[in-house]
Each structure stands twice: as structure tokens, then as C-alpha cells.
Colleague: 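To start, I am sharing the structure in question, which I have written as C-alpha cells.
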Amino acid sequence: GMPAAPATVLAPRRKSRKIKVGRVDVGGDAPVSVQSMTTTPTTDINATLQQIAELTAAGCDIVRVACPSQDDADALPIIAKKSQIPVIADIHFQPRYVFAAIDAGCAAVRVNPGNIRKFDDQVGAIARAAKDAGVSLRIGVNAGSLDKRLLEKYGKATPEALVESAVWEASLFEEHDFHDFKISVKHHDPVIMVRAYELLAERGDWPLHLGVTEAGPTFQGTIKSATAFGALLSRGIGDTIRVSLSAPPVEEVKVGIQILQSLNLRERKLEIVSCPSCGRAQVDVYTLAERVSAGLEGLPVPLRVAVMGCVVNGPGEAREADLGVASGNGKGQIFVKGEVIKTVPEALIVETLIEEALRLAEDMPHN
Ligand code: SF4
């Protein structure tokens, strides 16, 4: 069929340079990628690979694993080799694990200069090793581990302090003619975080990795991340994202993908257009929406399904969607592609919608 017209986005992407994280491009015109981090001990290779497989299935583009000890470093070669998505080793404190991760075949290494003593002395050697291996880096500045010198200068982790730290560390790599890195300046407060990335975006063309660090449990963390990423991505700032949740990492990926889909930065898949219900509702909209949503979870096609409580906006929205129901009088009018195909009793609305959705999905291109 005809290729779909490109979806409207809120702003053109900021012009960043493109780097490679294994086979995933980050920055430039590359799609904004979604990252997460494993929670298994990295030394438990099977559990880690199992979790990476789950993340991959959920749509994660890049995965990070912690590397706090030599035993973890020793696990990296197999993990890097068997993972289906690029693996980034996350290194604090110990520069020697940076070299181990590069030797292990990791696609990239995250370094946190604030946590590496005498980091500046190591930059040349790290840059050389990374360049020789075609490995990229992330300079990951964190409010919680800001350089002592900057903490003293600014009193706390202000946006200016985070940016000064990042720009300084970037300049050290650039002095060694190393440019294959992205930068993050994370803070748990979305306002400080957004301001920091705004400032950073003006200082250079580095690709930016967005994150609200320690964002909290799922509900709060989702909202903090969506708000902060939305503020930045809607102005074109951000090349790769990681949602941090105190929840299983698959949840982070789902939230990340949904944020990108909401901004048309990634093709929308299943989308439920359901009304909030009100005093006019003639069916239990919450239950209907939940059951339809659960019944169609993971459907790999861009299908919009409208679940509407009454006839005020019901037929209009149902007609606009690929599939929908407008309810009234204990019955549901089922719409497919704008046409009423049948009217069913309330008890059959969910199964009818699911049946029709699966039928429509069969005729759509999967990817
Ligand atoms: Fe209320 Fe009907 Fe609108 Fe749902 S579709 S919010 S029930 S008016």
C-alpha cells in the first residue's frame, strides 16, 4: 500500500552529531532510542541474558548492565556476545573496568567522572582504547555524585553545576580528539533536569541521553519522566531516553516507548481512545476500556480503538478510529473503519471489539 505520511512532530530535532552504540545510531537523524538497565547481578549471566531477552521483546533498543566488580567485568564478554541488543557497561569508581568492558566487546561504556578519582589522568588512555575498539562512551553526570569541586562552587547540584561538570569532562575527551560520546546530566527533580539539558543543548552538538534519575515508583516516576522528557523532546532535545523506575525494567521500556509514541517520535501501535466517562455514561467505561486494553496488549500493529460511554462524542470518535464502540441503552454500536457493522448487547462489547481488532490486525503490515 501507500507509505503513510510522516506523523506531525512538535519541533524539528536539535542538530546533534551521530554516534554508534553498536548497531544502534544515537543522535543526528537516528530515531530516539529507548534504553533500560538490568537489575539482575551481572555475574548471574543466565539471569541477566534472560532479562535482556525480555527487554528486547518489550522493544528496548539498548541495555545497560552494572559492572561494580571484577567478577561482573568477567561476565561481560558472554553477555555482550549473546545479547540481541547493544550492551553498555555502567562503570563508576574503577577505570580498569572501562578497559575490561571495551575488551569484552561492549557496544559502549558509561562513565561517571564524578565517581572516578583522578579521572582526568585516565581520559587519554580511555579515549584511545575506545577509539581503537570502535566503542562509544556516555559521560553520565549525576546530581548525586557531582564533582566535589563543583559542589563547593555552586553549593548544590544546580543545572549550571551539572552542565559545567559535563562540558568540562567533554572537553577532556575532545582534547584527545575523541568525539564518540553522548552526555547525560541527570537529576531527580524534573525542573532542574530540564533546565540542565536546555543549557547543555546550547553548549555543543553532543547527542544527549535523557533521564530523570531516581524518579521513584511507577506512578510518580512515569509522570516525572513523561513531563521532563516531554518538555525536552517537544523542543527537539534528546536522542536516547531511559525512564528510571523503582519497578522491573520492562516497565521502564513500556513507559519510554509510550512517551515517544505520544510525541509521534515512534510509530504508534495499539492506542485506546477511551472517554473518561461522566454522568451521561450508559455503560461502565472503565471496565470496558481496561478489558479491551488488556485483551489487545502487545498487538504489533498501529490500531486505534475507541471506547466511548455514550452517544455525545461516541459515534464521532468511534468513526475516526479504526474500530470503536459507542454505547447506549445497554447496547454497543460497533464501528469498523467508520461504518457501523453491528449492534451488540453490552455483555458482548469486549469480545466483539477484540475479535474485530484481531481481524483488522491480520490485514495490517506487522513489524
Ligand atoms: Fe460522558 Fe459520553 Fe463523553 Fe463518555 S462519551 S465522557 S459518557 S459524554
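One-based numbering, in listed order, for ligands and for the atoms of each. Being a predicted model, the structure only gives us computed values, none of them experimental.
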Colleague: Hey, are T40 and T48 close enough side-chain-wise for a donor-acceptor pair under 3.5 Å?
Modeller: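 Side chains of T48 and T40: pair found under 3.5 Å.
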Colleague: Quickly, which of P31, P207, S33 forms a side-chain contact (heavy atoms from CB on, under 4.5 Å) with D239? Name it, please.
Modeller: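 With D239 as partner, P31, P207, S33 yield a single side-chain contact (heavy atoms from CB on, under 4.5 Å), made by P207.
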Colleague: With sequence neighbours excluded, what pairs up with K331 under the salt bridge (charged side-chain N to carboxylate O under 4.0 Å, His left out) test?
Modeller: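 Result, salt bridge (charged side-chain N to carboxylate O under 4.0 Å, His left out) vs K331: none returned.
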Colleague: Does a side chain donor of either S327 or E346 reach within less than 3.5 Å of an acceptor in the other side chain?
Modeller: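 There is no such pair between these side chains.
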Colleague: Listing residue and atom name, which protein N/O/S atoms are closer to atom 1 (Fe) of ligand 1 than 2.8 Å?
Modeller: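 Protein N, O or S atoms closer than 2.8 Å to atom 1 (Fe) of ligand 1: C278 SG.
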Colleague: I'd like to know whether E339 forms a salt bridge (charged side-chain N to carboxylate O under 4.0 Å, His left out) with K337, so could you lay out the CA-CA distance, the side-chain angles of the two residues, the decisive distance to 0.1 Å, and finally the verdict.
Modeller: CA-CA 6 Å; E339 305 288 334; K337 303 278 181 202; over 6 Å; no
Colleague: Side chains of T43 and D71 only: does a donor on one sit below 3.5 Å from an acceptor on the other?
Modeller: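 Checked: T43/D71 side chains show no N/O donor-acceptor pair below 3.5 Å.
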